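Just so you know, these numbers come straight off a predicted model, no measurement behind them. Letters go in sequence order (proteins before strands), and every chain restarts at 1.
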Amino acid sequence: MDSAGNPVKTFAVTTPLYYVNALPHIGSAYTTIAADALARFHRLLGQPVLMITGTDEHGQKIQRTAAARGLEPQAHCDEIVAGFYTLWERLNIAYDRFSRTTAPRHAAIVQEFYQRVWQSGDIYEGRQQGWYCVACEEFKEERELLADKRCPIHTNKSVEWRDEHNYFFKLSNYQEKLSALYAEQPEFIQPVTRRNEVLNFVDSGLQDFSISRINLDWGFPVPTAPEQTLYVWFDALLGYVTALLDDADDPTLENALRQWWPINIHLIGKDILRFHAVYWPAMLMSAGLPLPDRVFGHGFLTKDGQKMGKSLGNTLDPLALVNQYGADAVRFYFLKEIEFGRDGDFSETRFVNVLNADLANDLGNLLNRTLKMASRYCGGKIPKISMDAFTDHHPLAERGANLAGQVQQAYENLAFSEACEAVLSLVRASNKYLDETAPWTLFKQGQQAKTEMVLYAVLESVRLSGYLLAPIVPGLATAIYTQLGFAVDFDQRDIGQQLPFEQHSVWGTLPGDQSLGKASPIFQRIEIPAEVP
RNA sequence: GGCUCAGUAGCUCAGUGGUAGAGCAGGGGACUCAUAAGCCCUUGGUCGCGUGUUCAAAUCACGCCUGAGCCA
């Protein structure tokens, strides 16, 4: 409850729990950056936020990868997980929970959840015969296979023949309920193109799927048949629930679901859409639990227009990228230059161009040039201006007044690039305004009042821009606020209390007479080595 | 084979019935507060192709081509 007695609207967002087969790739970084930006935006709004990420560590593929490396599975997982921690730290990801499916408490949650599904009668024993791809952890239809029985997705791996007695989940029981869900909650699956795919899939008929494997140790035993091991996806999805437990909580569903359930949004790549938009809600229905609000499947990244892949040798290493250019640069490029939901491309030329143009030239230099004038012309303080000076269609005041609403809408729609564009339009207008009013000339002419008004308007526009971009480039936002004389750090979880949205999203908030910090470029231009012809 | 989404300037995209737009990149200019940044001007497009509907089509309909993807 808040002070007025209204229930506080919490916000919980998840990334996938990444499979620890290998160190994190750029796609994992992309999803996580987006989730972090969304979480940070909701923190600005002052909501209690829980951002969940983590790792999915069971399954045959992990067992084999570990064996190939001569390691115990857990040792292998621990090593890979360390790589995730490092990358998230470097990318400035402010997650609240890191959920590992090998955590002891996860076993209890999985067990309890399984029992609920068992009691609803949705689990039965059956026989499963077919070709199995260990890399996919899925059975394949014979006609899907490539020559030499190779998997169509993992083209260098052959599938294996399996003939097993497994436990199945009665997905077929949920076809109508799922269809009703999609109809009643059209925004459950986003974007629309992903939704269409799911509708198409569900309408074509749902088959029960097996939720256990034999001849596999690395996972949880099936509670009703301990000689079998739970299918990795069944336990992985439940990692979202386990993540909700507080440290002090006993690992029960009741405790896990108490505060943050249902999750507001699952952010995923489009490759795991079916698990999140079909299997997962069906499992939850079976267990009698409320469903998440939204599942958003974003697009894939290419590099220089080509699919990335180990076999092509053109992968983009996120850690190398962030080590070279910094967190804000990487975050900004992917969220501003690629429309979230659609496929997008990374090219180094474009990367450098965008960062230089938007962050160094337009935004960074705008603050720098204005700050230096303010220190020279206004004694290093923010000029004290009455808001009355900005009434009649002031180009920045007017634009600034409408900005927060637009940007908020964009963030809520996960239209990060739209949010960036809206803010950048204020930045560009500010540069133009400076040139048109030429405060350096005004000052020489002794027009102190006008000079101060102009500088205030621009400083305030930079502040607002920094505030609204903070979820995407928190480091830059902190630098902007610091140079404007505030003592804040946008990485603080309670930033929405320190700098309330209702106040700081409004143009005209900058306090007059506040002493300015030292001017220093907030984003260095990236110099491209000259091309040798 | 069925379905979905996309195809607009060199690049990334907006525009969804009424004289083709933005940012970046390219070219030129004036300025000097600034990170050789910013500002102004400018080059650049048979809006994938074809047929149809309409006084009028990038926009609507149908067909086709190309790319991405889902399903069988």
Could you list by number each residue of residues 326-348 of chain A showing a heavy-atom separation from RNA chain B of less than 4.0 Å, or answer none if no residue does?
->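 Of all residues in residues 326-348 of chain A, the ones placing a heavy atom under 4.0 Å from RNA chain B are E337(A), E339(A), R342(A), D343(A).
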In residues 413-441 of chain A, which residues come under 4.0 Å of RNA chain B by heavy atom?
->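 The stretch gives R428(A), N431(A), K432(A), D435(A), W440(A) as the residues lying under 4.0 Å from the strand, ordered by number.
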Atom pair distance, as rounded to whole Å: [atom1] in [X] and [atom2] in [N]:
| X | N | atom1 | atom2 | answer |
| --- | --- | --- | --- | --- |
| Y182(A) | rU4(B) | OH | P | 18 Å |
| L206(A) | rA72(B) | CG | C1' | 15 Å |
| E197(A) | rC70(B) | CD | C1' | 4 Å |
| N361(A) | rU32(B) | CG | C1' | 16 Å |
| I272(A) | rC70(B) | CD1 | P | 13 Å |
| R350(A) | rG23(B) | CZ | C1' | 11 Å |
| R376(A) | rU32(B) | CZ | C1' | 11 Å |
| D358(A) | rC13(B) | CG | P | 15 Å |

Heavy atoms under 4.0 Å, any strand shown: does F300(A) hit a base, just sugar-phosphate, or nothing?
->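 Here F300(A) touches no strand at all.
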Which distance, rounded to the nearest 0.5 Å, do you find between the CG of N166(A) and the CD1 of I123(A)?
->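 It is 12.5 Å, given to the nearest 0.5 Å.
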When you measure from the side chain of Y377(A), which nucleotide among rC33(B), rA68(B), rA25(B) comes out closest?
->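 Out of rC33(B), rA68(B), rA25(B), the nucleotide with an atom closest to Y377(A)'s side chain is rC33(B).
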Options rG69(B), rA25(B), rG38(B), nucleotide nearest the side-chain atoms of R194(A) |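 Shortest atom-to-atom distance from the side chain points to rG69(B).
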Determine: side-chain N/O of [X] to OP1/OP2 of [N], distance under 4.0 Å, yes or no.
| X | N | value |
| --- | --- | --- |
| K307(A) | rA68(B) | no |
| K372(A) | rU35(B) | yes |
| N200(A) | rC3(B) | no |
| R369(A) | rU32(B) | no |

Ion pair D435(A)/R369(A), N-O distance below 4.0 Å |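 Looking at R369(A) together with D435(A), the answer is yes, because their closest N to O distance falls below 4.0 Å.
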Lys/Arg-Asp/Glu bridge criterion (N-O < 4.0 Å) met for E421(A), R428(A) =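 Salt bridge flag = yes for R428(A) with E421(A).
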Whole-Å [atom1] distance, [N] and [M]:
| N | M | atom1 | answer |
| --- | --- | --- | --- |
| rU66(B) | rG26(B) | P | 35 Å |
| rA22(B) | rG44(B) | C1' | 14 Å |
| rA72(B) | rU51(B) | C1' | 32 Å |
| rG2(B) | rC64(B) | P | 9 Å |
| rC24(B) | rC39(B) | P | 8 Å |
| rC60(B) | rG69(B) | C1' | 26 Å |
| rG48(B) | rG29(B) | C1' | 38 Å |

Distance-only polar pair, side chains of R162(A) and Q128(A), donor-acceptor under 3.5 Å |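 Absent: no donor and acceptor within the cut-off.
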Pair T509(A), H504(A): side-chain N/O donor-acceptor within cut-off below 3.5 Å |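 T509(A) vs H504(A): no donor-acceptor pair found between side chains.
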Is the base of rA34(B) touched by the side chain of N365(A) through a donor-acceptor pair closer than 3.5 angstrom?
->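 Present.
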Determine whether the aromatic ring centres of F169(A) and Y231(A) lie less than 6.0 Å apart.
->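 No: the rings miss the under 6.0 Å criterion.
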Fill in the dot-bracket string of RNA chain B, one character per base: . for unpaired, | for a pair to another strand, ( ) or [ ] for pairs within the strand, taking Watson-Crick or G-U pairs under 3.5 Å.
-> ((((((((.[[[[.)..(..]]]].((((.........)))).....[[[[[..)....]]]]]))))))).
Please walk me through it: do H298(A) and T31(A) pass side chain to side chain donor-acceptor pair (under 3.5 Å)?
-> CA-CA 8 Å; H298(A) 66 70; T31(A) 320; 2.8 Å; yes
